[in-house]
Amino acid sequence: MTTLPSEPSSSPAGESHHARRLAESFGDDPERYDRTRPRYPAAMVARVIAEAPGRDVLDVGTGTGISARPFTAAGCRVLGVEVDPRMAEFAARQGFDVEVAKFEEWDPAGRDFDAVVSGQSWHWVDPVLGAAKAAQILRPGGRLAVFWNAFAPPADLAQTFGAVYQRLLPGSPFARGPFGGPAMYAGQFTAIGDGMRRTGAFETPEQWEFPWTRRFTRDEWLEQVPTFGGHSQFPPDTLEQLLAGIGSAVDDAGGSFVMNYTTVVITARSKATRGPSHVSR
């Protein structure tokens with residue numbers, strides 16, 4: 001367990017909530033997204049549930065239901081909020097209860113929850129306004145837990161993948177490769193913890209980490225790559241060349257590789273006495 005530093009982050013990672021067009025690009029192919037995106041470790045889900053006072057859960061940015069599914073399977077009552085109607089429609093077809101709204105503007109209609117969770121999506125939420133909204137709807141002692149799957153391929157493949165991005169997308173954020181593990185998102189995690197802290201409604205934010213691995217074949221990895229943020233907006237020929245270059249790298253590595261994942265949770269417990277949250281300056 002790690003307590004997050006109190007200094008606000010200057011990293012642009014903390015400002016991704018302004019990139020609405022990018023945030024809403026994931027709904028271009030919800031079937032592929034749901035089929036290929038990694039799930040979350042059972043130990044993480046169990047820890048969140050154990051640290052919450054009950055099993056009423058709000059899932060922010062529920063997408064296709066990937067993050068809602070394990071909480072539902074564990075016996076939680078899950079309501080999803082999703083800004084993209086295409087993703088929400090897919091989740092609803094899977095049997096999830098979803099309301100379409102931007103979380104900061106969503107109307108809870110008097111409902112409250114034991115946990116507010118968000119998988120792979122809280123960076124699209126204003127870190128201060130989102131935390132303040134969560135504080136308003138959490139029961140006393142409730143848990144805000146937002147999490148991501150940070151991944152890092154073996155070092156030789158990471159270098160080769162990075163060279164492919166650098167060749168095709170020089171000067172872009174992707175040129176360094178979207179696969180640096182938790183350290184790559186340190187600024188983002190700090191900004192999000194600071195957002196929780198600034199409401200005055202939470203105890204000290206913490207960072208939990210759950211490492212795990214998964215082996216990918218060449219085809220399995222290439223099917224997932226187009227679901228990464230912004231990739232669906234690349235020119236078709238650039239995406240085609242990107243997939244070819246990555247595919248060649250995996251072929252050279254023997255046709256498959258083991259991806260190292262760390263599911264990182266930024267979390268805080270709401271204070272025992274609930275009052276109006278505020279934003280400290």
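Nothing fancy with the numbering, it's 1 onward along the sequence. No experiment lies behind these values; they were computed from the predicted model shown.
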Could you report the tightest heavy-atom contact between [X] and [Y], atom names first, then the distance?
X: Pro70; Y: Ser67; answer: CD-O, 3.4 Å
X: Arg139; Y: Asp112; answer: NE-OD1, 2.9 Å
X: Gly65; Y: Ala91; answer: N-CB, 4.1 Å
X: Thr263; Y: Pro41; answer: OG1-CD, 3.2 Å
X: Trp212; Y: Pro38; answer: CH2-CB, 3.8 Å
X: Val78; Y: Thr72; answer: CG2-OG1, 3.6 Å

Does any N or O in the side chain of [X] come within less than 3.5 Å of the main-chain N or O of [Y], such that one atom is a donor and the other an acceptor?
X: Gln207; Y: Val265; answer: no
X: Thr199; Y: Gly195; answer: no
X: Ser270; Y: Gly141; answer: yes
X: Thr262; Y: Glu209; answer: no
X: Arg269; Y: Glu51; answer: yes
X: Asn149; Y: Arg39; answer: yes
X: Glu220; Y: Thr217; answer: yes
X: Gln94; Y: Phe96; answer: no
X: Arg111; Y: Pro108; answer: yes
X: Glu82; Y: Gly63; answer: yes

Check against side chain to side chain contact (heavy atoms under 4.5 Å, CB included), Val60 and Val125 = CA-CA 9 Å; Val60 177; Val125 175; 4.2 Å; yes
Looking at Phe202, does the NZ or CZ of Lys271 lie under 6.0 angstrom from its six-membered ring centre and within 45 degrees of the ring axis?
->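 Here Lys271 fails the 6.0 Å and 45° test against Phe202.
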Is it the case that the side chains of [Y] and [X] hold a donor-acceptor pair, with the cut-off being a distance below 3.5 Å and no angle test?
X: Arg32; Y: Thr227; answer: no
X: Thr204; Y: Arg197; answer: no
X: Trp208; Y: Glu206; answer: yes

Do [X] and [Y] belong to the same hydrophobic cluster, where Ile, Leu, Val, Met, Phe, Trp and Tyr are linked whenever their side-chain heavy atoms lie under 4.5 Å apart, directly or via other members?
X: Leu168; Y: Phe228; value: yes
X: Phe71; Y: Phe90; value: no
X: Ile49; Y: Met44; value: yes
X: Ile137; Y: Val100; value: no
X: Val98; Y: Val81; value: no

Just wondering, are more than 12 heavy atoms of other shown residues or ligands nearer than 6.0 Å to CD in Glu240?
-> no
Kindly state whether the ring of Trp122 and the ring of Phe103 have centres lying under 6.0 angstrom apart.
->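 So the answer is yes for these two rings.
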Mind checking whether [X] and [Y] have side chains closer than 4.5 Å, heavy atoms only?
X: Thr267; Y: Val48; result: no
X: Asp114; Y: Val57; result: no
X: Phe147; Y: Gln120; result: no
X: Tyr40; Y: Arg69; result: no
X: Arg218; Y: Ile246; result: no
X: Leu138; Y: Arg143; result: no

Distance, nearest 0.5 Å, that separates [atom1] of [X] from [atom2] of [Y]:
X: Ser121; Y: Asp59; atom1: OG; atom2: CG; result: 7.0 Å
X: Tyr185; Y: Thr190; atom1: OH; atom2: OG1; result: 14.5 Å
X: Leu157; Y: Phe216; atom1: CG; atom2: CZ; result: 12.5 Å
X: Leu144; Y: Leu58; atom1: CG; atom2: CG; result: 10.0 Å
X: Leu222; Y: Thr36; atom1: CG; atom2: OG1; result: 11.5 Å
X: Gln241; Y: Leu169; atom1: CD; atom2: CG; result: 9.5 Å

Between Phe257 and Trp221, what is the ring plane arrangement, given parallel below 30°, perpendicular above 60°, and tilted in between?
->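 Correct class here is perpendicular.
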Should the ring pair Phe189 and Trp148 be called parallel, tilted or perpendicular, given that the plane angle runs from 0 to 90° and is split at 30 and 60?
-> tilted
Output, in order, the C-alpha distance, side-chain angles, deciding distance and verdict of side chain to side chain contact (heavy atoms under 4.5 Å, CB included) for Arg214 and Phe151.
-> CA-CA 10 Å; Arg214 176 185 165 182; Phe151 60 92; over 6 Å; no
Could you give me the CA-CA distance, side-chain angles and deciding distance for Tyr261 and Thr213, then say whether side chain to side chain contact (heavy atoms under 4.5 Å, CB included) is met?
-> CA-CA 6 Å; Tyr261 281 99; Thr213 61; over 6 Å; no
Before accepting this row, confirm whether a basic side-chain N of the pair Glu223/Arg35 lies closer than 4.0 Å to the acidic partner's carboxylate O.
->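 The answer is yes: the pair qualifies as a salt bridge.
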Chi angles and distances behind the salt bridge (Lys or Arg N to Asp or Glu O under 4.0 Å) call for Lys133, Asp126 | CA-CA 10 Å; Lys133 184 65 167 280; Asp126 184 291; over 6 Å; no
Report the residues that fulfil ring pair (Phe, Tyr, Trp, His ring centres under 6.0 Å) with Phe234, sequence neighbours left out, ordered by chain and then residue number.
-> Phe174, His231
Side chain to side chain contact (heavy atoms under 4.5 Å, CB included) between Tyr165 and Leu242: does it pass, once the steps are laid out?
-> CA-CA 7 Å; Tyr165 279 91; Leu242 179 70; 3.9 Å; yes
Not counting sequence neighbours, which residues clear side chain to side chain contact (heavy atoms under 4.5 Å, CB included) with Ala158? List them please.
->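 So Ala158 forms a side chain to side chain contact (heavy atoms under 4.5 Å, CB included) with Pro153, Phe179.
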